[in-house]
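Below you'll find the structure, written out as C-alpha cells, and then a few comments.
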Amino acid sequence: NTHVPFHITAQGRITNVTSTMPATGSLQVGQKRPLATFTFSGAALPDVALSLDALTPHIASDGVKLTSITIGDGSPVNTASCSTDPAVPDLISCDILPEALRRIPATLTVYADVALLSGKTSGSVQLSLTTPGTVGVLGDVFWSDGTGDYRWVDIAAPLAEGTRWTVTP
C-alpha cells in the first residue's frame with residue numbers, strides 16, 4: 001500500500017495579506033466606520049488572474065456591537081453586505097465581494113455601524129484574518145486562479161491583524 005499525501009495544484013498563490021491601518025487607534029461610535037483594510041498580493045503563471053471570492057474576518061470585541069457590516073472601497077457602487085451568525089458571533093461572513101475589487105492585487109475595507117453596549121462608556125474591537133487553512137481545511141480567505149477555487153493560503157497565522165480600536169461615545 002502506497003500512501004500519497006492529499007494535494008491540490010493551483011496556478012498561482014496568494015503571497016501576502018497585510019493590514020494597511022495602524023495597529024491601534026481611537027474610534028467614535030457611528031455609522032459606516034472603517035474597521036479594517038486588508039491588502040492581498042499574489043503570484044501566478046503567465047495569463048492567470050487571481051481573484052478573491054470571499055473573506056471571513058474574526059471579531060475580537062469588548063462592549064461593542066457591530067451592525068450593517070459591509071466590505072468594499074467606501075463607494076456605494078463597490079460595496080457588498082456581510083453577515084454574522086448568532087451561533088458564531090466572532091466571525092463575519094463576506095460571501096460576496098464587489099466585482100471591481102476582487103482581482104489580486106486587491107485592497108478591501110470592512111465597514112460597520114459601531115455602537116457601545118448598554119451601560120458601557122468605552123469598548124474595543126479588532127477585525128483580523130487569522131486562519132490560513134490548509135488543503136482540505138477551511139481558512140479565512142476564499143480565492144480562485146480561474147480554474148479552481150481554494151479556501152486556504154500558504155501563509156503563517158495570523159494572516160493580518162486589523163487595528164485594535166478603542167471605541168468611545
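Note that the coordinates shown come from a computational prediction; the quantities given were computed from them, not determined experimentally.
From L108, atom CG reaches atom CD1 of I71 across 4.5 Å, with rounding to the nearest 0.5 Å. The structure places OG of S81 at 8.5 Å from CD1 of I96, a figure rounded to the nearest 0.5 Å. The distance from the CG atom of D73 to the OG1 atom of T79 is 6.0 Å, given to the nearest 0.5 Å. Between atom CG of residue L101 and atom OG of residue S51 there is a gap of 12.0 Å, rounded to the nearest 0.5 Å. Atom CD1 of I14 sits about 9.0 Å away from atom CG of L159, to the nearest 0.5 Å. In this structure, the separation between OG on S93 and CD1 on I69 is 9.5 Å, given to the nearest 0.5 Å.
For CG of D154, the number of neighbouring non-hydrogen atoms (other residues, nucleotides, ligands) closer than 6.0 Å is 12 at most. Sparse packing is recorded around CG of D47, with 12 or fewer heavy atoms of other residues, nucleotides or ligands lying under 6.0 Å away.
Residues R33 and D113 form no side-chain contact, since every pair of their non-hydrogen atoms from C-beta on lies 4.5 Å or further apart. Side-chain contact check for T70 versus V110: every heavy-atom pair is 4.5 Å or farther apart. Put simply, the side chain of V167 does not reach to within 4.5 Å of the side chain of K120, judged on heavy atoms. Residues F38 and L52 fail the side-chain proximity criterion, which asks for heavy atoms closer than 4.5 Å. A 4.5 Å side-chain heavy-atom check between D149 and F142 finds at least one atom pair inside the cut-off. When side chains are defined from C-beta on, W152 does not count as touching V141, because their heavy atoms never get closer than 4.5 Å. In this structure the side chain of T166 never reaches within 4.5 angstrom of the side chain of T24, judged on heavy atoms. Considering only heavy atoms from C-beta on, S68 stays 4.5 Å or farther from Q31 through its side chain.
Side chain of R151 to main chain of G139: a donor-acceptor pair is present (N/O by atom type, distance under 3.5 Å, no hydrogens or angles). Side-chain atoms of R13 never come within 3.5 Å of backbone atoms of G42 as a donor-acceptor pair (strictly under, hydrogens ignored). No donor-acceptor pair under 3.5 Å is formed between the side chain of N78 and the backbone N or O of P98. Remark: the backbone N or O of A54 is not paired with any side-chain donor or acceptor of D95 at under 3.5 angstrom. Within the 3.5 Å criterion, the main-chain N or O of L35 finds a donor-acceptor partner in the side chain of W165. Judged by distance alone, the side chain of D140 and the main-chain N or O of T130 form a donor-acceptor pair under 3.5 Å. No donor-acceptor pair under 3.5 Å is formed between the side chain of E161 and the backbone N or O of S128.
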For this session: List the steps, then state whether side chain to side chain contact (heavy atoms under 4.5 Å, CB included) holds for T15 with F40.
Result: CA-CA 8 Å; T15 56; F40 302 82; over 6 Å; no

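For the 3.5 Å distance criterion, the side chains of Q11 and T147 qualify, holding a donor opposite an acceptor.
Tracing side-chain contacts under 4.5 Å through hydrophobic residues (I, L, V, M, F, W, Y), one never reaches L138 starting from L129; they form parts of separate clusters. With hydrophobic clusters built from ILVMFWY side chains whose heavy atoms lie under 4.5 angstrom apart, V77 does not share a cluster with L97. Each of I92 and Y111 belongs to its own hydrophobic cluster when Ile, Leu, Val, Met, Phe, Trp and Tyr are linked at side-chain heavy-atom distances under 4.5 angstrom. Under the 4.5 Å side-chain heavy-atom criterion for ILVMFWY residues, no single connected hydrophobic cluster contains both L91 and V153.
Residues S61 and V125 come closest through the heavy atom pair CB-CG2, 3.9 Å. The two residues A160 and S19 have their closest heavy-atom pair at CB-N, 3.8 Å. Of all heavy-atom pairs between V64 and L117, the closest is N-CG, 3.9 Å. Shortest non-hydrogen contact noted between G148 and S144 is O-OG, 3.0 Å. Heavy-atom minimum distance, G25 versus T163: N-CG2, 3.7 Å.
Salt bridge annotation for R102-D53: present, with a cationic side-chain nitrogen under 4.0 angstrom from a carboxylate oxygen.
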